[in-house]
Amino acid sequence: MLERPRKAGVDIDNLFERCNVNPETLKQPHYRIPVATAVELLQRCGFQMQDEFLGLLAAPIPPGYFRQSVLSTVHQPTLGLALARYLEFSNIFFNSLRFELKRKKQIVEIICTRDINNKIKDDIAIECSIAVFHRLTGWLCNELIILNNVELDFSVPTYYKEYHYLFYGAPIQFNSNLNRITFDAHYLDLPIVQTEASAEIFIRRAPLDIFLPQDVQGEMSREIHEALRISFTKSQQPAELQDIAEDMGISTQTIRRKLTKEGTSFNNIKSQVRRDIAMHALGNPELSIEEVAIQAGYSEPAAFIRAFKSWTGFTPAKFRQGVI
């Protein structure tokens, strides 16, 4: 993602220094930098290039595109109408790619087609476009959108293992004849829960949401996630594992075993639900940090702040403010 800014003349080494990144460490296989650092690097590159897509498309995406595209969605009543509006807006600006939404019975397809006359500079433009769309979709209705599969028209990149995190564990097919993601059609009927106020906060922190981890990827994980979310909605406290097991008519041991097989745990999912609730509440500027902490099930703001920083790399206040 930094290669195009470098070729455009952005002093990447200077940005590394300003963001406290040692360039030598990036040569180490599987080395990771803090998410806050990655977000700051990309934000600074976009600002210097005056291109919200960092030179990956045939022509720059002008500053303000993402803000207006997001604001165009939040006044729609359902997710389906909001996505149609977002794709329509994006097709005006994305000179190298075109997006289409198709509904086939109970499955939704989002198709991303290359423009042969305006070629992208790197295949990463496609995966970024799809990832941004996916995160925006979940944010609009405050739900985790589980992808059925992802198809990409290029060969396997060297960093293909990162797709497990980028697409929440969805099956990936490379060398396809098109770029496409699919998900269940019931999501299209979900109501939009965001406002212009929460949208402004979401926009300021972009592209942070692309990098935040999600680990709900199996059937049992999704059931536990939903049960915990409902319990928070009713009482602002998570249900205990024993209570959920009784409601489901199975033992706690069975739940733990299945969650382990899916690569997660009850506590991991509980933390994720708390994080999602907090992120959504922070989008309401009228709520204080103390009120957000209570909604996320914390009686002590200090404990909430520590937990939130461990989830996202930011304090709640910094998350609300954005990086730059």
Side-chain angles (χ1 to χ4, degrees), residues 1-5 32-33 35-36 38-43 45-46 51-57 61 65-67 69-70 73 79 82-83 86-87 89-91 93-94 96-101 108-114 120-154 156-174 176 178-183 187 199 202-217 272 275-276 279 312-313 323:
M1 292 185 73
L2 295 175
E3 186 61 24
R4 289 296 154 183
R32 297 190 183 274
I33 64 174
V35 63
V39 172
E40 184 177 4
L41 278 169
L42 296 176
Q43 285 186 340
C45 283
D51 181 357
E52 292 194 351
F53 232 66
L54 304 181
L56 290 170
L57 304 181
I61 298 295
Y65 150 77
F66 187 63
R67 178 174 183 271
S69 65
V70 173
T73 64
L79 183 62
L83 295 186
Y86 175 77
L87 294 180
F89 194 92
S90 295
N91 283 334
F93 287 89
F94 270 61
S96 303
L97 301 170
R98 183 163 187 84
F99 304 95
E100 184 180 7
L101 184 154
V108 176
E109 299 180 344
I110 304 298
I111 300 171
C112 173
T113 306
R114 298 175 188 249
I120 60 176
K121 304 296 179 60
D122 195 288
D123 291 335
I124 200 171
I126 293 174
E127 63 193 45
C128 286
S129 300
I130 293 175
V132 169
F133 174 86
H134 182 217
R135 300 310 191 273
L136 174 67
T137 300
W139 172 80
L140 282 167
C141 57
N142 197 34
E143 289 279 352
L144 180 63
I145 307 298
I146 303 297
L147 298 179
N148 294 337
N149 68 291
V150 178
E151 296 176 59
L152 301 169
D153 68 0
F154 49 86
V156 182
T158 57
Y159 52 88
Y160 73 95
K161 290 184 178 180
E162 300 304 311
Y163 281 28
H164 176 81
Y165 307 103
L166 188 64
F167 298 118
Y168 300 176
I172 310 291
Q173 178 185 340
F174 294 97
S176 177
L178 78 173
N179 301 290
R180 173 171 58 188
I181 59 174
T182 63
F183 52 88
Y187 290 117
F202 178 75
I203 292 160
R204 282 203 304 270
R205 68 180 186 240
L208 171 61
D209 292 74
I210 294 179
F211 299 110
L212 293 178
Q214 300 281 359
D215 59 1
V216 176
Q217 52 190 290
Q272 182 190 329
R275 187 205 69 185
D276 292 347
M279 287 173 56
T312 67
V323 177

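Note that the structure is predicted; figures quoted are calculated from it, not measured.
The ring pair (Phe, Tyr, Trp, His ring centres under 6.0 Å) check on Phe167 picks up Tyr163, with sequence neighbours excluded. Partners of Glu162 under the salt bridge (charged side-chain N to carboxylate O under 4.0 Å, His left out) rule, at least two apart in sequence or in another chain, are Arg32. Applying the ring pair (Phe, Tyr, Trp, His ring centres under 6.0 Å) test to Phe154 and every residue at least two apart in sequence or in another chain returns nothing. Applying the side chain to side chain contact (heavy atoms under 4.5 Å, CB included) criterion to Cys128, with sequence neighbours excluded, gives Met1, Phe53, Ile124. Under the rule for a ring pair (Phe, Tyr, Trp, His ring centres under 6.0 Å), the partners of Phe93 that lie at least two apart in sequence or sit in another chain are Tyr65, Phe89.
Side chain of Glu52 to backbone of Gly46: no donor-acceptor contact under 3.5 angstrom is found. Side-chain atoms of Arg135 come within 3.5 Å of backbone atoms of Ile210 as a donor-acceptor pair (strictly under, hydrogens ignored).
Across Leu87, Thr182, Ile130, a single residue satisfies side chain to side chain contact (heavy atoms under 4.5 Å, CB included) together with Ile110, and that is Leu87.
One finds the CG atom of Leu136 at 8.5 Å from the OG atom of Ser90 (value rounded to the nearest 0.5 Å). Note that CZ of Arg4 is 11.5 Å distant from CG of Leu54, once rounded to the nearest 0.5 Å. Annotation: the span from Leu140 atom CG to Tyr86 atom OH amounts to 9.5 Å, rounded to 0.5 Å. Here the CD1 atom belonging to Ile146 is positioned 8.5 Å from the OH atom belonging to Tyr168, to the nearest 0.5 angstrom. In this structure, Asp51 CG and Leu56 CG are separated by 8.0 Å, a value rounded to the nearest 0.5 Å. To the nearest 0.5 Å, atom CZ of residue Arg204 and atom CZ of residue Arg67 are 10.0 Å apart.
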Side chain to side chain contact (heavy atoms under 4.5 Å, CB included) evaluation trace for Leu79 with Glu143:
CA-CA 11 Å; Leu79 183 62; Glu143 289 279 352; over 6 Å; no
Quick one, Ile172 with Tyr160, criterion side chain to side chain contact (heavy atoms under 4.5 Å, CB included). Give me CA distance, side-chain angles, the key distance, then yes/no.
CA-CA 9 Å; Ile172 310 291; Tyr160 73 95; over 6 Å; no
Working note: Leu41 + Ile33, criterion side chain to side chain contact (heavy atoms under 4.5 Å, CB included); need CA distance, chi angles, decisive distance, verdict.
CA-CA 11 Å; Leu41 278 169; Ile33 64 174; 4.1 Å; yes
Output, in order, the C-alpha distance, side-chain angles, deciding distance and verdict of side chain to side chain contact (heavy atoms under 4.5 Å, CB included) for Leu83 and Tyr187.
CA-CA 11 Å; Leu83 295 186; Tyr187 290 117; over 6 Å; no
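Taking 4.5 Å as the limit, some side-chain heavy atom of Leu101 sits within range of a side-chain heavy atom of Val108. Residues Thr312 and Val35 fail the side-chain proximity criterion, which asks for heavy atoms closer than 4.5 Å. Side-chain contact between Cys45 and Leu2 is present, with at least one heavy-atom pair separated by less than 4.5 Å. In this structure, the side chains of Asp123 and Glu127 stay at 4.5 Å or more apart for every pair of heavy atoms.
Nearest approach of Ala125 to Ser129, heavy atoms of both residues: O-OG, 2.7 Å. Pairing each heavy atom of Thr73 with each of Val70, the nearest pair is OG1-O, 2.6 Å. Nearest heavy-atom pair, Gly55 versus Lys121, reported as atom, atom and distance to 0.1 Å: O-CG, 3.2 Å. Scanning all heavy atoms of the two residues, the minimum distance from Asn91 to Leu97 falls at OD1-O, 4.3 Å. Closest heavy-atom contact between Gly313 and Ala36: O-CB, 4.2 Å. Closest approach of Ala206 to Val39, counting heavy atoms only: O-CG1, 4.4 Å.
Counting only residues at least two apart or on different chains, the salt bridge (Lys or Arg N to Asp or Glu O under 4.0 Å) pairs with a member in residues 144-153 are Arg114-Asp153, Glu151-Arg180.
The number of heavy-atom neighbours closer than 6.0 Å to CZ of Phe174, taken from other residues, nucleotides and ligands shown, is above 12.
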